[in-house]
K.L.:
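Pasting a structure here, questions to come.
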Amino acid sequence: MPELPEVETIARNLREGNGSPPIPGQRIVSFSTDWPRHVAHPSLHTFNRRIQNREIVDVKRRGKYLVFPLDHETLLIHLRMSGDLRLAPSQDPKDRFDHTIFSLDNGWDLRFSDARKFGRVSLYEDPEVVLGRLGPEPLAPDFTHDRLANMLHARKRNLKPLLLDQSFLAGLGNIYTDEALHQAGLHPLRRSDSLTKVEVKRLWRSIRESLNMGIRHNGASIDWVFRGGDFQRHFRVYKREGEPCFKCGTQIQRTVVGGRGTHFCPRCQSEDQL
DNA sequence: TAAAATGTTGGGTA
DNA sequence: ATACCCAACATTTT
């Protein structure tokens, strides 16, 4: 479920509280998991020992990571493909996907639900060890189109796989990449070093507008309807194979690029530009 | 029933 | 070093 807008939505809800108490200020009184591989670092034993009695000071996001600065060390959670984080009263029954649970001192649980079990939690004294490998934040003020131009021109890669590379740019996933490329009118296989200044600026604006639109709609993910996220009703190409492009009416095509399903309009994002 | 799925990583190849 | 491709991870949904 999670790309940047979904992770941002989760972080905001946890931080502000949304039908549940805000997380900052709460203390973790116990930790349990029925899927030990959720714990990526340090060892399960060490993680369990060090997480006890830590106060959660804040909830932030970096790329697709949820970042919880604690009174000592920092907890990182990555939702991968199917993860979700939500607060529930401790006495509420767990559902079958609630694999990892942080019990808080206010009677609530922070529950990591994860059907496919790809998600990871970790604890670092210096989270930059992990977060420092990420590319820039696409919504940060210092992410200018000039900077994007320099980044693109320094590489010779197809646009779609490059935009999905988290060490290039942090936060885009398969949905928002397809959406941004369509809005920019760029073919997914276009080489990064061939973009003109005008095209870079269009891509830059499209990336930011797609992500902001996702955040405005509280995320896109299909399974998120119950949480109010409804961006999936606004997809321009993703999951719309065979349906008409809203801009020109041509049928949206689906191909595979870099092993990922890729949706685009063969007219608005013509192969002629390759 | 087979195929695809919002992500990442590691291995092999060129 | 750069770039590409595929398998793996584990399970649900279409």
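Proteins get letters first, then strands, A, B, ... in listed order; numbering begins at 1 in each. We use all heavy atoms of the structure for the numbers below, so side chains are in, but hydrogens, waters and symmetry mates are not.
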K.L.:
Would you call the rings of A:His234 and A:His217 parallel, tilted or perpendicular, taking 30° and 60° as the class edges?
P.N.:
tilted
K.L.:
Go through residues 113-125 of chain A and report each residue with a non-hydrogen atom lying under 4.0 Å from DNA chain C, sorted by number.
P.N.:
A:Ala115, A:Arg116, A:Lys117, A:Phe118
K.L.:
Name the closest nucleotide to the A:Arg155 side chain, picking from C:dA10, C:dA3, B:dT6.
P.N.:
C:dA3
K.L.:
Calculate the interatomic distance between A:His153 atom NE2 and C:dT2 atom C1'; express it in whole Å.
P.N.:
18 Å
K.L.:
Quick check on side-chain contact (heavy atoms from CB on, under 4.5 Å): which of A:Ile56, A:Asp58, A:Leu75, A:Val59 does A:Pro69 satisfy it with?
P.N.:
A:Asp58
K.L.:
Is the shortest side-chain N to carboxylate O distance from A:Arg86 to A:Asp95 below 4.0 Å?
P.N.:
yes
K.L.:
For B:dA3 versus C:dA7, give the span between their P atoms, rounded off to a whole number of Å.
P.N.:
13 Å
K.L.:
In terms of relative ring orientation, are A:Trp35 and A:His99 parallel, tilted or perpendicular, with 30° and 60° separating the classes?
P.N.:
tilted
K.L.:
Report, as yes or no, whether the 6.0 Å neighbourhood of atom CZ on A:Arg147 holds more than 12 heavy atoms from other residues, nucleotides or ligands.
P.N.:
yes
K.L.:
How are the rings of A:Phe102 and A:Phe31 set to each other: parallel, tilted or perpendicular (split at 30° and 60°)?
P.N.:
tilted
K.L.:
What stems involve DNA chain C, if each pair must be Watson-Crick or G-U and both of its distances must be under 3.5 Å, with 3 or more such pairs in a row?
P.N.:
B:2-5 with C:11-14, B:7-14 with C:2-9
K.L.:
Got a sec: does the CD of A:Gln91 have more than 12 other heavy atoms crowding it under 6.0 Å?
P.N.:
yes
K.L.:
Using whole Å, what does the distance between atom P of nucleotide B:dA5 and atom CG of A:Asn174 come to?
P.N.:
7 Å
K.L.:
What's the CE-C1' distance between A:Met81 and C:dA8, to the nearest Å?
P.N.:
13 Å
K.L.:
Kindly point out which of B:dA4, B:dT6, C:dC4 is positioned nearest to the side chain of A:Tyr238?
P.N.:
B:dT6
K.L.:
Whole-Å distance between C:dT11 P and A:Asp95 CG?
P.N.:
15 Å
K.L.:
Let me know the distance between CZ of A:Phe97 and C1' of C:dA10, rounded to the nearest Å.
P.N.:
11 Å
K.L.:
Within this structure, what is the CZ-to-C1' distance between A:Arg191 and C:dT2, rounded to whole angstrom?
P.N.:
12 Å
K.L.:
For the hydrophobic clusters of this structure (ILVMFWY residues joined by side-chain heavy atoms under 4.5 Å, transitively), does one cluster hold both A:Ile77 and A:Phe47?
P.N.:
yes
K.L.:
Do the non-hydrogen side-chain atoms of A:Leu76 and A:Leu131 ever get within less than 4.5 Å of each other?
P.N.:
yes
K.L.:
Identify the heavy atoms of A:Arg54 and A:His72 that sit nearest to each other, and give their distance.
P.N.:
CD-O, 3.5 Å
K.L.:
Looking for any heavy atom pair under 4.0 Å, which part of the strands does A:Gly259 touch: base, sugar-phosphate only, or nothing?
P.N.:
nothing
K.L.:
For a side-chain contact (heavy atoms from CB on, under 4.5 Å) with A:Phe68, tell me which candidate from A:Leu14, A:Val121, A:Ile28 qualifies.
P.N.:
A:Leu14
K.L.:
Taking atom types as modelled, find out whether A:Ser194 and A:Arg190 have a side-chain donor-acceptor pair closer than 3.5 angstrom.
P.N.:
yes
K.L.:
Extract from the structure each pairing of a protein N or O with an N or O of nucleotides 8-14 of chain B at less than 3.5 Å, listing the distance.
P.N.:
from  : atom 1 : to      : atom 2 : distance (Å)
B:dT8 : OP1    : A:His78 : NE2    : 2.9
B:dT8 : OP2    : A:Lys64 : NZ     : 2.9

K.L.:
Take the protein atom CG of A:Asp84 and the nucleotide atom C1' of B:dA5, then report the distance between them rounded to whole Å.
P.N.:
16 Å
K.L.:
Between B:dT1 and C:dA10, how many Å separate the two P atoms, rounded to a whole number?
P.N.:
23 Å
K.L.:
How many Å lie between NZ on A:Lys160 and P on C:dA3, as a whole number?
P.N.:
19 Å
